[in-house]
Amino acid sequence: MSAYLDHAATSPVRPEVADVVARHLGDVGNAASLHGSGRRARRIVEESRELIAHHVGARPGEVVFTSGGTEADNLALKGAWWATRHAAPAPRRVLVSAVEHHAVLDPASWLERCEGALVEPLPVDRDGVVDEAAFAEAVAGGGVAAASVMWANNEVGAVQPVARLASLARRHGVGLHSDAVQALAHLPVDFTASGLDAMTLSAHKVGGPHGVGALVVRREAHLSPLLHGGGQERDLRSGTVPVPLVAGFAAAVEAAVTTRELESARLATLRDDLVSGVRAQVPDVVLNAEGAPRLPGVAHLSFPGCEGDSLLMLLDAAGVECSTGSACSAGVPEASHVLLAMGRTEAEARSGLRFSLGHTSTAADVAALAGAIGAAVERGRAAGSLRQVG
C-alpha cells in the first residue's frame, strides 16, 4: 500500500462519515418538499447546518451549502462584485493575496477580463504571510468591492492573521472573505470571532464526501447569487440540497473539530519527523515558510537541482504519494505562483513538493518517505544534469 502524503488535496473519507452517507442514500424526499418525506429530509439538512455552525462559531442561518470550496469562493467574490455594481460610484477594486488558491485567483481574473474589475494582488513576505501594512493601505484606498485572504495556505501551510486583517478591513467598510478549507481540520476556526464577512469550507478536506461545501456568510453581508432557480439556501444558492452529502459533511466536521487538539499535536510531531528524515537524506533541502505559523500537517520542501514533477513521479513509483502544490493545477507544468510570490526564483519554484498529513497518517508513512527520498532526489538530479547537457 502507498504512503499517502496528500491530505491537503483530499483527505480520505472517515469511516463514520461513510456510514452516515450510506445510511441516507436510500432516503426518499426532497428537502424543499412539504410532505412527510420532504420534512424528514429538511430536518436532516437543518440539523447538519446547526452542527456545522456550532463547530465553526457561526449562526445556522449563515451556513450556505454549496457543491464545494470552488463554488463557495466564486460566490464570495462574484457575489460581492455583483451586489455592489449598481452603487454610485460602483466599487471596482478586488483585493486578493498573491498566494490564494486558484479558486479565488481565477474568479478575480474573470472579473477583471469580463467585468472591468481592478484586481490588486496583496504582497506576502518570504514565508508567505500577507504584508499587513500593504493590506491596510489597500483597504484604506476606497472603492473595494471584494477582498479575500485565505486562512491557511494550501501549498506551504502558512497561516494568515485573518482576524487582524478583517479588523483592518472593517474600519474602512470593507468585508473580508477567507478560504478556510485547509484550516478547519487543524486550527481553531471561529467565524464570528474572526470578524470575517464570509468564509469557505469544503467537506473533502476534513474527511468528508466530495461534492459538498459551504460559504458561511454574515446575514448583514450583501451577495448576489451565481445560480438562480428554486431559491434554496437564502436564495444565494439555488439547487436541490444533497441530503446524504450534507449529513456526511456535518459528521466530518464534528469528527475533525472534536479531535483537533490532540490530532494537531500528533500531526505536528509527524511533520517535524518527516522534515528531519528528509534532511538526513538530502541535507540541502529547503523547508518553505519555515519562519511562519504553519499548519501542523503540511511541509513544503524544495529540492535544489530537481524538477518537482519528475521527483513526484519517482516517489510515486516508490510508493509515496505527494503533490507539487494545489491538486487543482496538477498536471499543469507551471512554477508555483505561491513560491514565486514568496520571492523564489523560477527554478526554486519548480523544485518543490508538498507533503501533507491527516487523520490516517502514521509514522510508517513518514518512514516510507525517508526511505525513498534519497534515491529519488539522486535520480532526479541526474536526469536534470542530462537535460542541461543535452
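A salt bridge links Arg49 and Glu233; the closest N-O separation between the charged side-chain nitrogens and carboxylate oxygens is under 4.0 Å. Ion pair Asp309/Arg350 not flagged as a salt bridge, since none of the NZ, NE, NH1 or NH2 atoms sits closer than 4.0 Å to an Asp/Glu carboxylate oxygen. For the pair Arg279 and Glu290, the salt-bridge criterion is met [side-chain N within less than 4.0 Å of a carboxylate O].
In terms of modelled atom types and a separation under 3.5 Å, the side chain of Gln160 and the main chain of Gly128 share a donor-acceptor contact. Looking at Arg92, its side chain never comes within 3.5 Å of a backbone N or O of Gly143 through a donor-acceptor pair. A donor-acceptor pair under 3.5 Å links the side-chain atoms of Arg170 to the main chain of Gly195, judged by distance alone. Here the side chain of Arg93 pairs a donor or acceptor atom with the backbone of Ala138 at under 3.5 angstrom. Side-chain N or O atoms of Arg40 include none that pairs as donor or acceptor with a backbone N or O of Val28 at under 3.5 Å. Using a distance-only test at 3.5 Å, with no hydrogens or angles considered, a donor-acceptor pair links the side chain of Glu100 to the main chain of Met150. Panel note: side chain Ser264, backbone Glu261; no donor-acceptor pair is recorded below 3.5 Å. Remark: the backbone N or O of Ser67 is paired with a side-chain donor or acceptor of Glu71 at under 3.5 angstrom. The backbone N or O of Thr10 sits nowhere less than 3.5 Å from a side-chain atom of Lys205 that would complete a donor-acceptor pair. A donor-acceptor pair under 3.5 Å is absent between the side-chain atoms of Ser310 and the main chain of Cys306, judged by distance alone.
Rounding to the nearest 0.5 angstrom, the gap separating the CD1 atom in Ile373 from the CD atom in Gln281 is 9.0 Å. Here the CG atom belonging to Leu223 is positioned 12.0 Å from the CG atom belonging to Asp235, to the nearest 0.5 angstrom. To the nearest 0.5 Å, the span separating OG1 on Thr66 from CG on Asp73 amounts to 9.0 Å. We find the CZ-CG distance between Arg23 and Asp19 to be 7.5 Å, quoted to the nearest 0.5 Å. The CZ atom of Arg42 sits 15.0 Å away from the OG atom of Ser37 when rounded to the nearest 0.5 Å. Taken to the nearest 0.5 Å, the CG atom of Asp125 stands 7.5 Å off from the CG atom of Asp131.
A donor-acceptor contact closer than 3.5 angstrom links the side chains of His177 and Thr200.
A heavy-atom distance below 4.5 Å is not found between the side chains of Phe65 and Gln232. Using a 4.5 Å cut-off on side-chain heavy atoms (C-beta onward), Ser361 and His7 make contact.
Shortest non-hydrogen contact noted between Gly248 and Val21 is CA-CG2, 3.8 Å. Here the shortest heavy-atom pairing between Leu168 and Val139 reads O-CG2, 3.9 Å. Between Leu105 and Ser97, the shortest heavy-atom contact is CD2-O, 3.8 Å. The two residues Leu201 and Val181 make their nearest non-hydrogen contact at C-CG1, 3.7 Å. The minimum heavy-atom distance linking Ala256 with Val206 is given by the pair CB-CB, 4.1 Å. Counting all heavy atoms, side chain and backbone alike, Val129 lies closest to Ala292 at CG2-CB, 3.7 Å.
Cation-pi geometry between Arg218 and Phe191 is satisfied (NZ or CZ under 6.0 Å from the ring centre, within 45° of the ring normal).
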Decide side-chain contact (heavy atoms from CB on, under 4.5 Å) for Leu226 and Arg237; before the verdict, give the C-alpha distance in whole Å, the side-chain angles of both, and the deciding distance to 0.1 Å.
CA-CA 7 Å; Leu226 300 180; Arg237 202 281 180 179; over 6 Å; no

If you apply the rule side-chain contact (heavy atoms from CB on, under 4.5 Å), what do you find for Val156 with Arg294, and how did you get there?
CA-CA 8 Å; Val156 299; Arg294 285 180 294 129; over 6 Å; no

Between Val217 and Asp197, does the side-chain contact (heavy atoms from CB on, under 4.5 Å) criterion hold? Intermediate values first, please.
CA-CA 6 Å; Val217 191; Asp197 268 38; over 6 Å; no

One pair to check against salt bridge (charged side-chain N to carboxylate O under 4.0 Å, His left out): Arg260 and Glu263. What are the steps and the verdict?
CA-CA 5 Å; Arg260 183 168 55 205; Glu263 186 67 357; over 6 Å; no

Would His300 and Leu339 count as a side-chain contact (heavy atoms from CB on, under 4.5 Å) if you check the C-alpha gap in whole Å, the side-chain angles of each, and the deciding distance to 0.1 Å?
CA-CA 10 Å; His300 193 285; Leu339 292 183; 3.6 Å; yes

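When the ring-ring contact (aromatic ring centres under 6.0 Å, His included) test is applied to Phe303, no partner is found at least two apart in sequence or on another chain. Under the rule for a ring-ring contact (aromatic ring centres under 6.0 Å, His included), the partners of His337 that lie at least two apart in sequence or sit in another chain are His102. Listed by chain and number, the residues in a ring-ring contact (aromatic ring centres under 6.0 Å, His included) with His204 are His210 (sequence neighbours excluded).
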